[in-house]
Number of protein chains: 2
Amino acid sequence: MRLVIARCSVDYVGRLTAHLPMAPRLILIKADGSVSIHADDRAFKPLNWMNPPCKLREETVADGPDQWTVTHGKSGEKLVLTIEEVMHDTSHELGKDPGLQKDGVESHLQELLAEHITTLGEGYTLIRREFPTAIGPVDILCRDAGNATVAVELKRRGDIDGVEQLTRYLELLNRDPQLAPVRGVFAAQEIKPQARVLAEDRGISCVVLDYDALRGIEPDVLRLF
Amino acid sequence: MRLVIARCSVDYVGRLTAHLPMAPRLILIKADGSVSIHADDRAFKPLNWMNPPCKLREETVADGPDQWTVTHGKSGEKLVLTIEEVMHDTSHELGKDPGLQKDGVESHLQELLAEHITTLGEGYTLIRREFPTAIGPVDILCRDAGNATVAVELKRRGDIDGVEQLTRYLELLNRDPQLAPVRGVFAAQEIKPQARVLAEDRGISCVVLDYDALRGIEPDVLRLF
DNA sequence: GCCTATATGTCGCAG
DNA sequence: CTGCGACGTATAGGC
């Protein structure tokens, strides 16, 4: 990893055209050849960048500022840095990173809801999780107290996309005479107003899930018995 | 901006739980207090990060590795770095960045098209940009030569999502007797074949926009008059 | 301040 | 290789 602090201007031509005026910035050159340019704010997003695989060519211009050109192999995207003054330039050997270990939430939420399906209403029974269809698996398929089929789409954040997804499933499932009529439930820890409007307009009910409460059920049950 | 190369392990607790085993990495501490941790690959995404506004507290433990804790004000998210060995630690004054100048983004396209609405056909007149509905704003609402309402969905890259979006708007707008019947136009610099098929199947016309030509109209007009 | 759409989103996975 | 969904999405622009 090479860290360069330099006064530079940057021109990107690719999916769009962008320009950074001359200013001091951090230029990050990684072992895989990727380059990113950071300002002194915002943790996540670089001002400019080039994803691997790409190649950096440094050109020393006799009578002017150096020019660094980063070219992306496949897409032809290009990043041109004009380096006016280098304030810092160090390289460091880091080695391969062991990688991030995540503790998922989404799948856990599905487990919990499947386990406590009556959260959706009294008398609900689980058919199965990840019920397979031609256009992808339905998160949860179950039956309500009246034995009608219910398809559940589960999200951490309930957005319009999720309603669309559930709508597609419902359309497909309702063609199956074994299952029809199938009702839809849109369940999420948080449901956006727009998504709620769309869902209800389509006769899909919305359920806001309390993750901590759901998780809390289990210990309670264990404690009681 | 402070650049630290260090052997560290990281624990994030917040929207999920994540752990990074001990390894050498770059720790980037920016002027706004934000922190990001980078491995030696992938330009764009840090392994771990904390967005501003957040606060970094450095603790020296008497008989063990230092511990840095980054806390996010609002959400209570937390990032804990255990620093085993610091290989590099420098700070640099960068100042406020003049910022990125972009060209060719949707908002600009929208401006241009609204300004030259007859690009869609002779006799077209603009009703308004960002026409509000319950499920979100329609990019452009206008009337054609025959005074029929036309809803335009604008994208840089025309994908299936955009067609779905426009379809939702059309369904809603067509319920309004003041506006109905409303026709749909899907306009983009580039339209994916699948999106075109879907759009045309739904009676939505597709228009490929030439950004340079659109942009070129104005100077040309100015030149002519 | 909250809310929503956009993004050079990126990333990973299945078909 | 492409399409699709998830992401600790982040971030900018409105209200």
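Within every chain, numbering begins at 1; the chains are lettered A, B, ... in the order of the sequence lines, protein sequences first and strands thereafter.
Contacts classified as ring-ring contact (aromatic ring centres under 6.0 Å, His included) and involving residues 186-216 of chain B (residues at least two apart or in different chains) are given here: B:His108-B:Tyr211.
Among the heavy atoms of the strands, none lies under 4.0 Å from A:Lys78.
As rounded to the nearest Å, C:dC11 and D:dT11 have P atoms that lie 15 Å from one another. Rounded to the nearest Å, the gap between the C1' atom of D:dC7 and that of C:dA7 is 13 Å.
The shortest distance between the side-chain N/O atoms of A:Gln194 and the OP1/OP2 oxygens of C:dA5 is below 4.0 Å.
One can place CG of A:Asp161 at 13 Å from C1' of C:dT4, the figure rounded to the nearest angstrom. If you take CD of A:Glu164 and P of C:dA5, they are 12 Å apart, rounded to a whole angstrom. Rounded to whole Å, the distance from CD on A:Glu130 to P on D:dA6 is 10 Å. Atom pair B:His108:NE2 and C:dA5:C1' shows a separation of 19 Å (rounding to whole Å applied). Protein atom CD of A:Glu190 is 16 Å distant from nucleotide atom P of D:dG8, rounded to whole Å. With rounding to whole Å, B:Leu198 atom CG is found 14 Å from D:dG3 atom C1'. Distance B:Phe131 CZ to D:dG14 P: 18 Å, rounded to the nearest Å. Distance, B:Gln110 CD to C:dT4 P: 18 Å, rounded to whole Å.
Residues B:Asp161 and A:Glu164 form no side-chain contact, since every pair of their non-hydrogen atoms from C-beta on lies 4.5 Å or further apart.
Closest heavy-atom contact between B:Lys155 and B:Leu109: O-CD1, 4.0 Å.
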Pull out every protein N or O sitting under 3.5 Å from an N or O of nucleotides 7-10 of chain C, one pair per line with the distance.
from: C:dA7; atom 1: OP1; to: B:Glu106; atom 2: N; distance (Å): 3.3
from: C:dT8; atom 1: OP1; to: A:Lys45; atom 2: NZ; distance (Å): 3.3
from: C:dT8; atom 1: OP1; to: B:Lys102; atom 2: NZ; distance (Å): 3.1
from: C:dT8; atom 1: OP2; to: B:Lys102; atom 2: NZ; distance (Å): 2.6
from: C:dT8; atom 1: O3'; to: A:Arg15; atom 2: NH1; distance (Å): 3.4
from: C:dT8; atom 1: O2; to: A:Tyr12; atom 2: OH; distance (Å): 3.4
from: C:dT8; atom 1: O2; to: A:Arg15; atom 2: NH2; distance (Å): 3.0
from: C:dT8; atom 1: O4; to: A:Asn48; atom 2: OD1; distance (Å): 2.2
from: C:dT8; atom 1: O4; to: A:Trp49; atom 2: N; distance (Å): 3.1
from: C:dG9; atom 1: OP1; to: A:Arg15; atom 2: NH1; distance (Å): 3.3
from: C:dG9; atom 1: OP2; to: B:Arg156; atom 2: NH2; distance (Å): 2.3
from: C:dT10; atom 1: OP1; to: A:Arg15; atom 2: NH2; distance (Å): 3.2
from: C:dT10; atom 1: OP1; to: A:Trp49; atom 2: NE1; distance (Å): 3.3
from: C:dT10; atom 1: OP1; to: A:Asn51; atom 2: ND2; distance (Å): 3.0
from: C:dT10; atom 1: OP2; to: A:Arg15; atom 2: NH1; distance (Å): 3.1

Subject >> Worked check of side-chain contact (heavy atoms from CB on, under 4.5 Å) between B:Val70 and B:Leu81 >> reply: CA-CA 8 Å; B:Val70 191; B:Leu81 291 84; 4.1 Å; yes

**OP:** Please report the C-alpha distance between B:Asp103 and B:Arg215 in whole Å, then the side-chain angles of each, then the deciding distance to 0.1 Å, and finally whether the salt bridge (Lys or Arg N to Asp or Glu O under 4.0 Å) criterion is met.
**Re:** CA-CA 11 Å; B:Asp103 203 1; B:Arg215 196 170 41 180; 2.6 Å; yes

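Sparse packing is recorded around CD of B:Glu93, with 12 or fewer heavy atoms of other residues, nucleotides or ligands lying under 6.0 Å away.
One side chain, B:Arg143 or B:Thr149, offers a donor N or O that lies under 3.5 Å from an acceptor on the other.
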